Amino acid sequence: MASRPPGMERQPGGCGIAGCIDVRGGKISGDTIAKMITTMGERENGLGAGYVGYGIFPDRRDEYCLQFLFDNEDAKTRTEEFLKDNVYITGDERVYTRKVSTLDPPYPLVWRFFAIAKEKLDWPRGPIFDPDDRIVELAMQINTEVDGAFCVSSGKDMAVFKGCGYSHEIAEFFDISRYEGSMWLSHSRFPTNSPGWWAGAHPISILDWSVCHNGEITSYGVNKKLVEMEGYKCSLLTDTEVIIYIWDMLVRRHGLPIPTAAFAMAPWYYPLIEGMDEKSKKLATWLRIVYKEAFLNGPFSILVGRREPETTMIAMADRKKLRPLIAGTSEKKDVIFAASEECAIRAVDTKAWTWTADAGSPVIAQRGKGLIRSGLEHPFKGVME
Amino acid sequence: MNHNLAKNRHNGPKVVTKEEVTIRADGRDGLGHPLDYHVLNQMIKDEMAAGRKLIRVEGVLGQRYIGATASRNDLRIEVYGTPGNNLGALLNGTNIEVFGNGQDLTGNTMNSGRIIVHGSVSDVTGLAARGGEILIKDSAGYRTGIHMKEFKGSGPSIIIGGRVGDYLGEYMAGGTVLVLGLEITDRPIIGQHIGAGMHGGRMYIMGDVRIQQLAPGASLKDINLSDRKEIERLLVNYEDTFGVTVNVDWRKFRKIVPTSSRPFGGYYDKTMI
């Protein structure tokens, strides 16, 4: 047969990422982020898209919001029973979804539970008192052990809306415009070496962390080994999930500042480290040795979101800048943007000021503090703190 | 002409004179999505075929391949907004002027013609260019001038008013790059790994360059009289294009060229030399 099998035609593309954060405490409508990501329609092929909104449940900001995709009612019942043993459920609701004419059913049942972590001493890995750790364990356990159930996000005052479709379809499916948040990240997928499926779409999230990723992690095997040793379970069939586990591990568990964790993931070359002052050189060398397995090799540009202690957006590219990333601020400097292409920023703010951040140098914007790092500084700025 | 797409819309092509035409590229679906690039580029091609001398494209937002393969010397395309990737790819003689910032892959494999950007561009500008000129008023991103080449007296040139990122002139085999570093005071005007794998061509930098910024195979030189002549030609071009005056300090110019015509001969196989 001379004709190519279905799915074997060449499709030009590459994932798209876009994010925005209001650093002065204002709210951004879900419409804004949908407009940003759908402007880069050429970067996706309909096999996954998603959004994550932070600060969207102001009335329940101290409860964990566990958002699930269920294959059927049965999976929901089993999950609910599992949850009752481990957390206090303070409320639950069906997540609003609607039919999209172009999106093929079956759709999963999307449900969210609000919960407070229970103190429990006979936890599988020994007594754990940190409620955050317990939620991580719980999400991992459900994703690997409960059939037909998938926990897509588990943080406080945030939720992930994702699925297998084009970004405009997913925005319509969840009616993203009904939400208002202080920060939004989004992703449109062009899967290269992993399947396109509902739970495997980005953003990928654990606790209050979420990541949108364009590229591939060549060092996946080594990174996976590192996070699995720390108790994380890789269950999403995609390389991206190790990124979020490494962020959670380095920043929340090991207490590294964000620029230091970023340096560990995209470290400078040794010849460049040689040129630094003695103190920096020593620290940089230590970071390279201690966190050797946290080094993300391969082309990537990522957007990372976090809520604790304050809503933060991190945008960075790999140390060779093999994937595109543009950052921008609004004229009043109250909204910070990051995206794969400038057109995504221009689509929502024609007067924005944009710049290309340096390779491996994170752009960090935090609510209340504004733009902490523009990505144009010396890569070691902020690492020593 | 493909009027079926354009005629039914209130802001379709409006003819100013016979030689000029304006095309609106903004969204017409009610949701504000930009016009699909296939449709936009077909409209531009139709106008080209109609023999226009000036095609204005307004409201551009990320549409790719604008002006790609355009090959008439007497044609000018003005782009207002943010053109998408591969602006002027395989360009062959036409002038493209952008009033806004460009994205990635501007002038990909261009053969001849001119691309002028009144703003900045992001990464991989002038990829594998074989001729023509690219003028950027402000800065350019990573991998500018990667894989450029020249032959038989024709070669591409890229002039950048601001700064450039890492891997400038990576695998460069020919052509000329001029980086002016205007209004850049707080950071180096070129990044790291400059000229990685280069084996031809030349880069002129008006400002400090440290030897540590260069990749193996590239070398740092002072400019000579013929270099100065070439730089003068490019500078006049930049000044005329953007209507600015550049304060030139000839002592600040450095030249980056390959260490030899075959800097990597025997790099992997020592017996080859």
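As the structure is a prediction and not an experimental result, all values here were calculated from the model.
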Between A:C343 and B:L61 the two heavy atoms that sit nearest each other are O-CD1, 3.5 Å

Is the number of heavy atoms from other residues, nucleotides or ligands under 6.0 Å of B:Y171 OH greater than 12? no

Okay, B:R163 and chain A: the region with an atom under 4.5 Å from a heavy atom over there is side chain

- Check: B:R143 side chain, A:K321 main-chain N or O, donor-acceptor pair, under 3.5 Å: yes

The reported gap from OH in B:Y142 to CG in A:L322 (rounded to nearest 0.5 angstrom) is 10.5 Å

Ignoring hydrogens and angles, state whether a donor on the side chain of B:Q103 or A:E342 is under 3.5 Å from an acceptor on the partner side chain.
no

Rounding to 0.5 Å, atoms CH2 (A:W355) and CG (B:N101) come to a distance of 13.0 Å

Turns out that what part of A:L376 lies under 4.5 Å from chain B's heavy atoms comes down to both

Review point. Near B:Q212 CD, under 6.0 Å, is it more than 12 heavy atoms from other residues, nucleotides or ligands?
Key: yes

To the nearest 0.5 Å, atom CG of B:D166 lies from atom NZ of A:K320 at 11.0 Å

Those residues of residues 323-340 of chain A that come under 4.5 Å of chain B on a heavy-atom basis, listed by number, are A:P324, A:I326

Just do the side-chain contact (heavy atoms from CB on, under 4.5 Å) check on A:D358 and B:R187 with the steps written out, would you?
CA-CA 12 Å; A:D358 284 344; B:R187 48 203 304 249; 2.9 Å; yes

Interatomic distance, OH@A:Y269 vs CD@B:Q192, rounded to 0.5 Å, equals 10.0 Å

Residue A:K281 excluded, over 12 heavy atoms near NZ under 6.0 Å:
yes

The interface call for A:T350 against chain B, heavy-atom contacts under 4.5 Å, is neither

Is atom CG of B:D208 surrounded by more than 12 heavy atoms (other residues, nucleotides or ligands) closer than 6.0 Å?
no

Here the gap from B:T82 atom OG1 to A:E341 atom CD, rounded to the nearest 0.5 Å, amounts to 10.5 Å

Cut-off 4.5 Å, heavy atoms of chain A, and the answer for B:D36 is neither

The interface call for B:Q63 against chain A, heavy-atom contacts under 4.5 Å, is neither

